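Since we're looking at a predicted model, the values are computed, not measured. One is the number of the first residue; the rest follow in order along the sequence.
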Amino acid sequence: MSPLAQLVLSRIREFLREPAAIFWVYGFPLVMAFILATAFPNRPVANIKVDVVGGEDAAAVAKDWSDRDLKPKLEASHQPEDEALKRLRTAKTSLVVYADRAAPTGYRLVNDDSQPGSVLAKAAVETLVLRDANSKAQLPESKPLTELLPDASGGRYIDFLFPGLIGTNLMGGGLFGVGFLIVDMRVRKLLKRFLATPMKKSDFMLSIMLSRMLFVFTEIGIMLGVAHIPYFGLTVHGNWLVLILLVFLGGACFSGIGLLVASRVRTLETASGLMNAFMLPQWLVSGVFFASTNFPDFLQPLIKLLPLTALNNGLRAVMNDGYGFEALLFADPKDPSVLGVLFSPLVVLGGWGGLGFLGAVKLFKWR
């Protein structure tokens, strides 16, 4: 067996003997996904509360609207005028409707523009009133005007979040699973023993990277498998091959950066500080928990050059938007420009990972 294969095999054995490492690599991302999916579930459309003011006609209107099978459903109640306006002011209802026969439509609406729910309620009631006014209009076909989307996954928060969790896991695993390992070996004087062998530095580093890549595909495979259970209900809408290539590029990129960070660091505290200094800004700006486009335009070129940004954008383009190889070759698959190529996952991840590995080979010290 070649020296490289022997080194990879020894690294795998070391990993499997560490239960804590197995939990942080495989268990923690799943626990985090379950917690966030529970905190941000795919909630049904909330009912709209409406108060109807007037005499007997108002009571009949409130009962009629409440009994209708609408999406969203109206919870209409008959209230005195003073009480209804007080409830609107305190956000206990979203809209006050006067059953006014003198009005052109028979109704007069009072809403609060400072409340988003009140604006939506006004639009829903206006649509209902117009629908009733034109109920006798004949449609050219008997088919309904609206249809349900067969597969509605892709626009929920969990759909946005899960690719970000995959990218975060690849980044953390690459830096801590590679860089922290090497620094720990240096602290424990293990690297000095390797120095006494005829082993090449490049073979040692490649063995660390290759063993890390084996763990990458197993942990991401488990995450994607769990993502498809009904609790999450995620679907990969794009090309699976491109998704695998993105995972490989992301894992290799962050492993190369981990090697560079650990090439000369002598203490675990310094290594931890450098890795957190690299990761924390990307957790905030690279679109893990919210879109990176929320930041000002003048920062976008810098944000797009970050490896986690390129990886997250590529993963979402494949998993949610259904793109193929264009998600790998362009920063925005809808804009195949030269600038899009420069910010593409292939260029950004390849550049960071390649420079990281070459810099590590150049700067690495056994002691």
Side-chain angles (χ1 to χ4, degrees), residues 154 159-160 162-175 177-179 202 205-206 208-210 212-221 223-224 236-261 278-279 281-283 285-288 291-293 295 299-361:
D159 297 309
F160 176 87
F162 217 89
L165 291 180
I166 292 176
T168 302
N169 192 45
L170 290 171
M171 180 174 68
L175 268 72
V178 173
S202 57
M205 293 181 181
L206 278 176
I208 299 292
M209 287 188 66
L210 290 176
R212 171 60 197 160
M213 296 309 298
L214 292 176
F215 300 136
V216 160
F217 284 110
T218 53
E219 65 192 68
I220 300 303
M223 289 185 68
L224 290 174
V236 177
H237 294 275
N239 191 311
W240 274 92
L241 177 59
V242 177
L243 180 62
I244 293 171
L245 290 175
L246 282 169
V247 169
F248 175 82
L249 272 175
C253 169
F254 292 116
S255 296
I257 296 171
L259 288 173
L260 178 61
V261 170
F278 179 80
M279 292 191 297
Q282 294 187 78
W283 285 342
V285 306
S286 292
V288 176
S292 59
T293 53
F295 292 93
L299 290 177
Q300 291 303 315
L302 294 177
I303 293 174
K304 289 178 180 179
L305 284 174
L306 297 175
L308 187 59
T309 305
L311 179 59
N312 287 344
N313 289 343
L315 291 172
R316 290 194 178 102
V318 175
M319 296 178 66
N320 296 338
D321 300 332
Y323 286 106
F325 283 94
E326 57 269 35
L328 189 64
L329 301 175
F330 302 101
D332 183 358
K334 300 188 295 292
D335 181 25
S337 62
V338 175
L339 195 60
V341 173
L342 294 177
F343 292 125
S344 68
L346 182 63
V347 173
V348 174
L349 295 175
W352 277 91
L355 291 175
F357 183 79
L358 293 176
V361 173

K.L.:
Apply the test side chain to side chain contact (heavy atoms under 4.5 Å, CB included) to residues V348 and T309: give CA-CA distance (whole Å), side-chain angles for both, the deciding distance (0.1 Å), then the verdict.
P.N.:
CA-CA 9 Å; V348 174; T309 305; over 6 Å; no

K.L.:
Would you call Y323 and V242 a side-chain contact if the rule is heavy atoms closer than 4.5 Å?
P.N.:
no

K.L.:
Do I257 and C253 come within less than 4.5 Å of each other through their side chains, counting heavy atoms only?
P.N.:
yes

K.L.:
Quick one: closest heavy-atom pair of L175 and F254, and the distance?
P.N.:
CD1-O, 3.6 Å

K.L.:
Which heavy atom of P163 sits nearest to which heavy atom of N320, and what is that distance?
P.N.:
CG-ND2, 4.3 Å

K.L.:
Between V341 and L329, is there a side-chain heavy-atom distance shorter than 4.5 Å?
P.N.:
no

K.L.:
When rounded to the nearest 0.5 angstrom, what distance separates CG in L214 from CD in E219?
P.N.:
11.0 Å

K.L.:
With rounding to the nearest 0.5 Å, note down the distance linking CG in L349 to CG in L245.
P.N.:
11.5 Å

K.L.:
Looking only at heavy atoms, which two atoms of A327 and A317 are closest? And how far apart?
P.N.:
CB-CB, 3.7 Å

K.L.:
Nearest heavy-atom pair of L308 and T168: which atoms, and what distance?
P.N.:
CD1-N, 4.0 Å

K.L.:
Taking atom CG of L259 and atom CZ of F357, what is their separation to the nearest 0.5 Å?
P.N.:
7.0 Å

K.L.:
Give a yes or no on whether the backbone of V347 and the side-chain of W352 come within a donor-acceptor separation of less than 3.5 Å.
P.N.:
no

K.L.:
Does L243 reach the side chain of M319, with side-chain heavy atoms less than 4.5 Å apart?
P.N.:
yes

K.L.:
What's the separation between atom CG in L249 and atom CG in L328, rounded to the nearest 0.5 Å?
P.N.:
6.0 Å

K.L.:
Looking at every heavy atom in both P333 and E326, which two are closest together, and how far apart are they?
P.N.:
CB-CG, 3.7 Å

K.L.:
How close do L306 and S286 get, heavy atom to heavy atom, and via which atoms?
P.N.:
CD1-OG, 3.8 Å

K.L.:
What orientation do F248 and F217 show, parallel under 30°, tilted 30 to 60°, or perpendicular over 60°?
P.N.:
parallel

K.L.:
For F278 and V261, what are the C-alpha separation, side-chain angles and deciding distance, and is it a side chain to side chain contact (heavy atoms under 4.5 Å, CB included)?
P.N.:
CA-CA 10 Å; F278 179 80; V261 170; 5.9 Å; no

K.L.:
Below 6.0 angstrom between ring centroids: does that apply to W240 and F325?
P.N.:
no

K.L.:
Would you give the length of the straight line joining atom CG of L206 to atom OG of S255, rounded to the nearest 0.5 angstrom?
P.N.:
11.0 Å

K.L.:
Less than 4.5 Å apart, side chain to side chain, heavy atoms only: is that true for Q282 and P307?
P.N.:
yes

K.L.:
Rounded to the nearest 0.5 Å, what separates atom NZ in K304 from atom OG in S292?
P.N.:
8.0 Å

K.L.:
Is there a side-chain contact between P301 and F343, using heavy atoms and a 4.5 Å cut-off?
P.N.:
yes

